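Here's the structure we're looking at; comments come further down.
All figures in this text were calculated on a predicted structure; none of them were measured in a lab. Lettering of chains follows the sequences in order, A, B, ..., and the numbering in each one begins at 1.
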Protein chains: 2
Amino acid sequence: MSRNDLASSACSVARSIEKVGDTWSLMLLREFFLGTRRFEALHKNTSISPHVLSGRLKAMCEEGVIEKRQYSEHPPRDEYVLTQKGRDLWPVVLALKAWGDRWLDGPQAVTLRHRSCGQVMQPVITCQACGQAVTPRDVVTEIGEEFAGERCTCRSEG
Amino acid sequence: MSRNDLASSACSVARSIEKVGDTWSLMLLREFFLGTRRFEALHKNTSISPHVLSGRLKAMCEEGVIEKRQYSEHPPRDEYVLTQKGRDLWPVVLALKAWGDRWLDGPQAVTLRHRSCGQVMQPVITCQACGQAVTPRDVVTEIGEEFAGERCTCRSEG
DNA sequence: AGGCTAGCTTCCGTATTTGAAGGGAGTCAA
DNA sequence: TTGACTCCCTTCAAATACGGAAGCTAGCCT
């Protein structure tokens, strides 16, 4: 199976991965959330080669994650900005950052500060319904009956 | 630049992406969070070719995201389970799922139910310090002075 | 006229991935 | 004890993607 076939997966995680789950798309998302908008700046900050960059930008436009916006008529110049669909990917990038800060050594070039409380922002996932913090153990995974048969579930217990 | 150079990036997002930010690693993480542990089951559920699968599992073991555990002596059989470092990637997978559920059409094979409140789990990101829900607009991005010079920040305002 | 910038595209050699096939170590049933 | 079967991979050839450098176009600027 190739990457593209993930689009037709029954799993929304797989479908998301097909759209934005590759190294360069994720790097570009980081960059967009940092405020970068232009081709040359994206190229310099991410070191993505122009060829790959132009392909990714095109794909992300088609997917509606970003959109092209002309910021100058003479000369005609475009910049790329996140759409709402794109901005909704913030939790993904944030989660990667939090994990890296926690588990990977290295400098921490970027800090997020919560405007309203003034503290350095440490993200916590909570349940919208009850507001409690949530970890994997707090949730039950329910697989729709119509999909259960498709999955190979062999595993040992314990 | 190649993917591997991301490891030495000043940005923890980039470092995370280098470790787990590729299609097949993300697919494997999804699968591990669904409880799959064995080579054959991982292969069948993700359609990752055995060659790539064995490479990714090896890499993820070396990174400490998963570990090999023998579940049978005769015949010798191993399974792969998430370490704490790996379980901490749950927010990443969860964020991808939430985004896919919101923005991509298709069946929703998996539902997460919050054990304690009984509701279908919709993740919200909150600030650990104050407990409030957070969106990108609520945080200020602070780039360490020693890194600011490295970045190309050209952009138009507005 | 000549040089500069932004935003790409083209080219080519290398690296990675896919897909199919194979292999080894062990169990099981006849 | 022979043959079939399972699990966990490994090997190989062909297709694909990527990296790095160069080039190209339109429109400044002097």
Would you mind reading off the distance between Lys68(A) atom NZ and dA6(C) atom P, rounded to a whole angstrom?
17 Å

Minimal non-hydrogen separation, Trp90(B) against Thr135(A), with atom names
CZ3-C, 3.5 Å

Checking Asp22(B) now: which residues fulfil side chain to side chain donor-acceptor pair (under 3.5 Å) with it, not counting sequence neighbours?
Ser25(B), Arg56(B)

Give me the residues of residues 17-33 of chain A where at least one heavy atom lies under 4.0 Å from an atom of DNA chain C, by number, or none.
none

At a heavy-atom distance below 4.0 Å, what parts of residues 46-56 of chain B sit against DNA chain D?
Pro50(B), His51(B), Ser54(B)

Sorted by number, residues from residues 58-65 of chain B placing a heavy atom under 4.0 Å from DNA chain D are Lys58(B)

Looking only at atom types and distance, does a side-chain atom of Lys19(A) sit under 3.5 Å from a main-chain N or O of Gly100(B), one as donor and one as acceptor?
no

Which protein N or O atoms sit under 3.5 Å from an N or O of nucleotides 25-28 of chain D?
from	atom 1	to	atom 2	distance (Å)
dC28(D)	OP1	His74(A)	O	3.1
dC28(D)	OP1	Pro75(A)	N	3.3

Can you find a side-chain donor-acceptor pair between Tyr71(A) and Arg37(A) that sits under 3.5 Å?
no

Looking only at heavy atoms, which two atoms of Gly86(B) and Phe33(B) are closest? And how far apart?
O-CZ, 3.6 Å

Send over the distance from Phe39(A) CZ to dC8(C) C1', rounded to a whole Å.
5 Å

For atom CD of Gln70(A) and atom P of dC8(C), their distance in whole Å
11 Å

Lys44(B) NZ to dC9(D) C1', in whole Å, measures 13 Å

With sequence neighbours left out, write down each residue that passes side chain to side chain donor-acceptor pair (under 3.5 Å) with Arg3(B), or none if nothing qualifies.
Thr23(A)

If you take all heavy atoms of Arg30(B) and Ala14(A), which pair is closest and at what distance?
NH1-CB, 3.8 Å

Check whether any side-chain heavy atom of Val20(B) lies under 4.5 Å from a side-chain heavy atom of Val92(B), and answer yes or no.
no

Taking only N and O in the side chain of Tyr80(A), is any of them less than 4.0 Å away from OP1 or OP2 of dA6(C)?
no

Residues in salt bridge (charged side-chain N to carboxylate O under 4.0 Å, His left out) with Arg87(A), at least two apart?
none

Sequence neighbours left out, what passes side chain to side chain donor-acceptor pair (under 3.5 Å) with Glu142(A)? Give chain and number order.
Arg113(B)

Per the under-4.0 Å heavy-atom filter, residues of residues 9-16 of chain B near DNA chain D come out as none

Using atom types as modelled and distance alone, determine if a side-chain donor or acceptor of Thr83(B) lies under 3.5 Å from a backbone N or O of Gly64(B).
yes

Length of the line joining Leu57(A):CG and dA6(C):P, which is rounded to integer Å
16 Å

Just the rounded figure in Å: distance from P of dG19(C) to CG of Asp5(A).
8 Å

Between Arg37(A) (CZ) and dC8(C) (C1'), how many Å, whole number?
20 Å

Test of understanding: with side chain to side chain contact (heavy atoms under 4.5 Å, CB included), list the residues that count as partners of Glu145(A), not counting sequence neighbours.
none

Please tabulate, for the side chains in residues 116-126 of chain B, all donor-acceptor contacts under 3.5 angstrom to protein atoms that are two or more places apart in sequence or on a different chain.
from	atom 1	to	atom 2	distance (Å)
Ser116(B)	OG	Gln132(A)	OE1	2.9
Ser116(B)	OG	His114(B)	NE2	3.2
Thr126(B)	OG1	Val124(A)	O	3.2

Sequence neighbours excluded, which residues qualify as salt bridge (charged side-chain N to carboxylate O under 4.0 Å, His left out) partners of Arg102(B)?
Asp88(A)

How long is the line joining CG of Leu42(A) and C1' of dG7(C), in whole Å?
11 Å

Electrostatic pair Glu31(A):Arg151(B) at N-O distance under 4.0 angstrom
yes

Using 0.5 Å steps for rounding, measure from the CG atom of Leu34(B) to the CG atom of Asn45(B).
8.0 Å

